Peer 1: 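Below: one structure in structure tokens.
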Amino acid sequence: MKCRKCGGSAALELRRHNAAFCSPHFVEFFKKQVAEAIHKHRMFTRDEPVLVAVSGGKDSLALWDVLIEDGYRTAGLYLDLGIFDYSQESRARCEAFASARGQKLHVERVAEAVGAPIPEVQKVTRRPTCSACGLSKRYLMNRAALEHGYAAVATGHNLDDEAATLLGSVLHWQTEALPRQSPALASTHAKLARRVKPLYRLSEFETAAYAFLRRIDYIVDECPFAKGATSLAHKDLLNRLEEVSPGAKHNFLFGFLDKARAAFERLEDVQLRECSACGQVTTGEICAFCKLADQVKRRTGPSSAAAGMVE
Ligand code: Q46
Ligand code: ZN
Ligand code: ZN
């Protein structure tokens, strides 16, 4: 196999692109895909500070690395979910990454904001762990961006993540979720930061290869709550499809974005207002995060026994 660019011996084959690259040209290809995503969806400019949500995994650290290399103004945000050793190890990776590159890393403890670490939240609310976690992460990312003055929050979602989410939404025809599935969600309120996914054109295999070639020290273990998640089953299914039909994942996601997404955009505008408890944006009187935090605090606080822990 020969590198498409220089004809030298190739280190990686990308079947869906019908191409192979040597290591330096693969890194160049990777950076180009990120640059194209940023440009095409006007994710941010070089003057706008970007908050990169990092988990310590390969995708988010690869993303931060590319943006730093490309001269963007970035800082990291690590949300400490309080998930046993996994959180401690992933935080250490993020801190080491940031300090080796002289970058600012904001750290927020979810337990402080919600009232308990994520595993505890599930126990006291009986809400699925990933649903409480996802809600908390989205809320805290936006809050951190507003508090520290970042125009956009960038996450490390890759092509596999996005295709699996799309499959999940389509299998249940979640028509509310479909218009929100986008590489870039514009700010629709002064208190909402832009949300962008500059890796959406790159597969999980490609981000792993980039992280390896760039010698990024990332946490290989997944969050313990990811095991058995339906999103993993969807990824598996798509991988099997990809094996027999290279490009299937890409065509599924890009076909949706180019041809179908607009059809699901809601006609009526959702009325956004500010949560009467915290001031962040919501559609109701109190935002979902404040409701969750209130539930947790009532059930874990000193008076919870007296209240009989009744909902
Ligand atoms: S949602 Fe669920 Fe993730 Fe939160 S509890 Fe872990 S697996 S970290 S992407
Ligand atoms: Zn080459
Ligand atoms: Zn609120």
Side-chain angles (χ1 to χ4, degrees), residues 1-14 19-30 32 53-60 78-91 94 110-111 113-123 125 127-143 146 155-158 160-162 164-165 168 189 191-192 197 204 213 219 221-235 272-297:
M1 256 190 319
K2 289 193 169 153
C3 169
R4 178 198 262 184
K5 265 299 201 38
C6 67
S9 122
L12 276 113
E13 186 188 11
L14 306 181
F21 293 105
C22 66
S23 302
H25 284 127
F26 170 73
V27 169
E28 186 185 289
F29 160 84
F30 191 92
K32 252 187 160 163
V54 285
S55 66
K58 63 184 184 324
D59 302 297
S60 54
Y78 177 75
L79 296 175
D80 185 342
L81 304 168
I83 302 178
F84 323 119
D85 297 352
Y86 167 74
S87 285
Q88 284 180 13
E89 282 167 30
S90 54
R91 178 179 175 158
C94 294
V110 172
V114 195
I118 289 298
E120 189 108 348
V121 171
Q122 188 274 330
K123 278 190 205 142
T125 62
R127 190 181 171 136
T129 311
C130 291
S131 128
C133 179
L135 164 67
S136 305
K137 287 198 287 194
R138 282 191 300 277
Y139 177 92
L140 293 171
M141 279 177 205
N142 189 63
R143 195 176 78 177
L146 291 184
T155 56
H157 292 95
N158 59 39
D160 295 52
D161 297 323
E162 292 299 282
T165 304
H189 188 282
K191 284 190 159 185
L192 279 181
K197 301 168 183 171
E204 200 153 314
L213 293 172
I219 181 161
D221 291 340
E222 292 256 12
C223 166
F225 293 105
K227 284 192 192 83
T230 31
S231 58
L232 290 187
H234 295 154
K235 274 191 181 175
L272 293 176
R273 51 196 287 190
E274 291 180 16
C275 168
S276 60
C278 73
Q280 282 229 58
V281 178
T282 177
T283 49
E285 164 81 20
I286 304 270
C287 78
F289 180 82
C290 283
K291 285 183 189 159
L292 176 74
D294 182 59
Q295 208 182 12
V296 173
K297 281 166 192 162

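Since the structure is predicted, the reported quantities are computational estimates derived from the model, not experimental observations. Both ligands and their constituent atoms are indexed starting at 1 by order of listing.
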Peer 1: Using the side-chain hydrogen bond (donor to acceptor under 3.5 Å, both in side chains) criterion, which residues pair with Ser276? Sequence neighbours excluded.
Peer 2: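 Only Glu285 meet the side-chain hydrogen bond (donor to acceptor under 3.5 Å, both in side chains) criterion with Ser276.
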Peer 1: From Lys137 NZ over to Thr155 OG1, what is the distance, rounded to the nearest 0.5 angstrom?
Peer 2: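 Lys137 NZ to Thr155 OG1: 9.5 Å, rounded to 0.5 Å.
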Peer 1: Kindly write out the residues that satisfy side-chain hydrogen bond (donor to acceptor under 3.5 Å, both in side chains) with Lys235, not counting sequence neighbours, or none if the list is empty.
Peer 2: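 Once residues adjacent in sequence are excluded, the partners of Lys235 under the side-chain hydrogen bond (donor to acceptor under 3.5 Å, both in side chains) criterion are Asp161, Glu204.
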Peer 1: Hey, are Ser55 and Tyr78 close enough side-chain-wise for a donor-acceptor pair under 3.5 Å?
Peer 2: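 Side-chain D/A pair, Tyr78 to Ser55: absent.
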Peer 1: Heavy atoms, side chains only, cut-off 4.5 Å: are Val281 and Arg273 in contact?
Peer 2: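 Val281 vs Arg273: side chains apart.
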Peer 1: Could you walk me through whether Thr282 and Leu272 pass the side-chain contact (heavy atoms from CB on, under 4.5 Å) check?
Peer 2: CA-CA 6 Å; Thr282 177; Leu272 293 176; over 6 Å; no
Peer 1: Would you mind finding which of Gln122, His157, Lys137 brings a heavy atom closest to atom 8 (S) of ligand 1?
Peer 2: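 Considering heavy atoms of Gln122, His157, Lys137, the nearest to atom 8 (S) of ligand 1 sits in Lys137.
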Peer 1: Please list, chain by chain and in numerical order, all residues satisfying side-chain hydrogen bond (donor to acceptor under 3.5 Å, both in side chains) with Ser231, sequence neighbours excluded.
Peer 2: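 Result, side-chain hydrogen bond (donor to acceptor under 3.5 Å, both in side chains) vs Ser231: none returned.
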Peer 1: Could you please tell me which protein N, O or S atoms lie under 2.8 Å from atom 2 (Fe) of ligand 1?
Peer 2: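 Hits for atom 2 (Fe) of ligand 1 below 2.8 Å: Cys130 SG.
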Peer 1: Which ligand 1 atoms are under 4.0 Å away from a heavy-atom of Leu81?
Peer 2: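 This gives 8 (S) as the contact atoms.
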Peer 1: Out of curiosity, is Glu222 lining ligand 1, as in a heavy atom under 4.0 Å away?
Peer 2: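 No; Glu222 lies far enough from ligand 1 that no heavy-atom distance drops under 4.0 Å.
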